[in-house]
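A quick write-up on the structure given underneath.
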Amino acid sequence: MRPDYVLKRFAIFLFIIWAAATLNFLIPRMGSKSPIEDKLMTQAATGGYLQQGVAEMVREYEAKFGLDRPLWQQYLTYLGDVLRFDFNYSIANYPRRVIDILLEGLPWTMGLLTMTTLISFVFGNLLGAFLGWPRSPRWIHFLMPPLLALHALPFFLLGLVLVYVFAFTLQVLPLYGGYSTGVIPNWSLEFILDVVRHAMLPALSIVLVSIGGWALGMRAMLVTTQGEDYTTFADAKGLRPKTIFFHYSIRNAMLPQVTALALVLGQILSGAVLVEVIFGYPGIGTVLFQAIRGSDFFLVQGIVFVVIISIGIATFVLDLVYPLLDPRITYQRG
Amino acid sequence: MSIVTPTPGPSNAGASALPLSPVVDIASAAQSTAGERIVAVSRYMRRNLSLPVGLSMLLVLAIFLIVGRFFVDLEESRAVSVRPLQPPSAELPFGSDRQGRNLFAVSVVGTPMTLQIGLTAGLIGVGFGATLAFIAAYYRGKVDTIIKGLVDTGLTIPGLMILITVAMNVRGGLNVTQMALVVACLAWLYPTRTIRAQLLTLRERGFIQIAQMSGMSGPEIIVKEMLPNLLPYLVAALVTSTSAAILASIGLEVLGLGPFEAPTIGMTLYWVNYNAAIINGWWWWWVPPIVVIGTVFIGLFLVAIGLDEVANPRLRRTV
């Protein structure tokens, strides 16, 4: 891997962090001169009472981001805070800090997303490969239309239907949450099985929707590899069809799919946030939903930033993995 | 890059004006009578099934929305106008919700609002995106690198997060128009990417180079030579970005950042979730919005696939 390729990808990653922080700083200040005080007052008004600690929060905030200080100084203070993951207090849960609440939700979301993305990527691509392969059995072609129709739907829509069918009507899977109520999270086998049972429906609604998309892309790519010279050559050499399929066709058709994965991670996450809301899954999405409901401005800001950074890291890692699959990429310019 | 034959699709009639374009079957289609053209188009539609199926799904929805307006008092889409929580009956065909909205009126009034949000944002997105794409393809070099880098980086960021920040900071409650503008903030990224890629292949094609050599000016080439060939792509981009904008607006609304006064689909789902309608067994509350969203998304998706095939004949199914 050439160092300038890694450096360039890292620069893009830094740019994303900087852009996220800057937007987070600028957007609230475009509408109002003292946005935070406004937010705190809104929160107090919707809460019907003055939240304990609001006065302290305002005072601390004024000291840091007071209007007597020029904008660029406020901006630098903000960047410094963000780099130390200091997102201030949660307004609704004072004196808990935003970062602590975030760290509680993040593992749930990351677990759900990693599992569902891996499963749908692997199975979707395999299915797509078989669809584009002339030797595969006929029945496999009947899978595509329903999967494509599902692919057009948003994750949470399927989630609503799944909740109704499997949790409400059939009552085979839990309706709500990440684990049974009244249980304290631990590492026993019983608890892990409980978590898996709760994750089934949210995961299923993401996987079923995603598979069709991967299959569609893979089928198109695999069909184009059929006409390539190396496939004809492999055929002429007398290689077994299975070898050609897995080692010649799929390996080459995979490359654009990995690029596509890096591009859609953000979209998958946006969709998963809503799935969490529907299922009350204890990840970032549910925290975000409650923060918006409670006008908890700092918490929302923290979530937005951390989510953007997490996806940035994931994209960066994918960028680093990609040259291992396709060494040509590091030698390209532009 | 092989020479791609323009297709006898409905949106390609303008292609006959191109001098020296690689016309094969379009020539006969463009010079033929209207009747023959309709036959050709319908024969093509029968082969490319996704376009007519998608269009008819959207048509059925449109008929429902238009006819429905005559059978219900539209004011009943507001809260506290009928008895709350009634299951469907002759009087209230879709029942009513917990706040006393007539859910039939909600469907008929709210769906066009959601579609309006999507279409407005989609149009802004494609307009701005196409402009940026033309700038990138025209100036190339540094300008192109910057625009491409910006778009590629922007696409990896979870868009919903940026939209949440914007929506949270609009003062006072949002209305439907503001909702459309918020969603439009990021609606230009994807169109820029696809249209730019298309322009780059287009400008290498023979007829563009002939036009340049014969002394046509830049704007003239863009309007007379490039736009007609780009039209199917622009329509496809509009369909895709409209669908993405509807999805984004519903996402914001379900999270509680939507126009609270408007009975849009997303706000209906927000109330469904807020009142735990599924667990309480109030199925009539959430079935209509789900059916409507399903029809819209699957319909738009099929139209987009169909248009893609019109625009890019190499995709045509041979398998």
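Owing to the predicted nature of the structure, the values given are computational and were not obtained by experimental measurement. The chains referred to below are lettered A, B, ... by the order of the sequence lines, with proteins before strands, and numbering in each begins at 1.
Around the CZ atom of B/F301, the shell of radius 6.0 Å holds more than 12 heavy atoms that belong to other residues, nucleotides or ligands. Crowding of B/Y138 atom OH: a count of heavy atoms from other residues, nucleotides or ligands under 6.0 Å not exceeding 12. The number of heavy-atom neighbours closer than 6.0 Å to CD of B/E261, taken from other residues, nucleotides and ligands shown, is 12 or below. Enclosure of atom OH in B/Y139 is not indicated, since only 12 or fewer non-hydrogen atoms of other residues, nucleotides or ligands lie within 6.0 angstrom.
Proximity to chain B (any heavy atom under 4.5 Å) is shown, for A/F289, by both the backbone and the side chain. Residue B/I279 touches chain A through both its backbone and its side chain, counting heavy-atom pairs closer than 4.5 Å. Neither the backbone nor the side chain of B/L302 comes within contact range of chain A; no heavy atom of the residue lies under 4.5 Å from a heavy atom of that chain. Residue contact with chain B, scored on non-hydrogen atoms closer than 4.5 Å, involves the backbone and the side chain of A/I308 alike. Residue contact with chain A, scored on non-hydrogen atoms closer than 4.5 Å, is absent for B/L163. Looking at A/L157, both its backbone and its side chain come within 4.5 Å of chain B, counting heavy atoms on both sides. Looking at A/V304, the atoms closer than 4.5 Å to chain B (heavy atoms on both sides) sit in the backbone and in the side chain alike. Proximity to chain B involves both the backbone and the side chain of A/L160, based on heavy atoms less than 4.5 angstrom apart. At a 4.5 Å heavy-atom cutoff, the contact between B/L247 and chain A is made by side-chain atoms alone. Residue A/A149 touches chain B through both its backbone and its side chain, counting heavy-atom pairs closer than 4.5 Å. Interface remark: A/V273 contributes side-chain atoms only to the contact with chain B (heavy atom separation under 4.5 Å). In this structure, the portion of B/Y270 lying under 4.5 Å from any heavy atom of chain A is its side chain and not its backbone. Only the side chain of A/F156 has a heavy atom closer than 4.5 Å to any heavy atom of chain B.
Side-chain contact between A/F316 and A/F10: present, with at least one pair of heavy atoms (C-beta onward) separated by less than 4.5 Å. Annotation: side chain of B/L132 is not in contact with side chain of B/K148 (no heavy-atom distance under 4.5 Å).
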Next item on the list: May I have the step-by-step check of side-chain contact (heavy atoms from CB on, under 4.5 Å) for B/T201 and B/Q198, ending in yes or no?
Entry: CA-CA 5 Å; B/T201 67; B/Q198 204 45 46; 3.5 Å; yes
Next item on the list: Decide yes or no on ring-ring contact (aromatic ring centres under 6.0 Å, His included) for B/F94 and B/W285, but give the supporting numbers first.
Entry: CA-CA 8 Å; B/F94 286 10; B/W285 195 347; over 10 Å; no
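Heavy-atom pairs under 4.5 Å with chain B peak, among A/L153, A/L263, A/T315, at A/L263. Note on A/G280, A/S270, A/A20: by heavy-atom pairs under 4.5 Å with chain B, the leading option is A/S270. For the options A/L216, A/T169, A/L150, A/L148, heavy-atom pairs under 4.5 Å to chain B are most numerous at A/L148. Among the candidates B/P158, B/G299, B/G149, the residue making the largest number of heavy-atom pairs closer than 4.5 Å to chain A is B/P158. For the options B/G159, B/G256, B/G251, heavy-atom pairs under 4.5 Å to chain A are most numerous at B/G251.
Of all non-hydrogen atoms in B/L307 and B/V235, the two that sit nearest each other are CD1-CG1, 3.5 Å. In terms of heavy atoms, A/Y322 sits closest to A/P256 at OH-N, 4.4 Å. Shortest non-hydrogen contact noted between B/V291 and B/T295 is O-OG1, 2.6 Å.
Counting only N and O atoms by type, the side chains of B/T165 and A/Q301 include no donor and acceptor under 3.5 Å apart.
Of all residues in residues 238-246 of chain B, none places a non-hydrogen atom less than 4.5 angstrom from a non-hydrogen atom of chain A.
Ring centroids of B/W271 and B/Y274 are separated by less than 6.0 Å, placing the two rings close together. Aromatic ring centres of A/F87 and A/F305 lie closer together than 6.0 Å.
In this structure, CG in B/L115 is found 6.5 Å from OG1 in B/T111, a value given to the nearest 0.5 Å.
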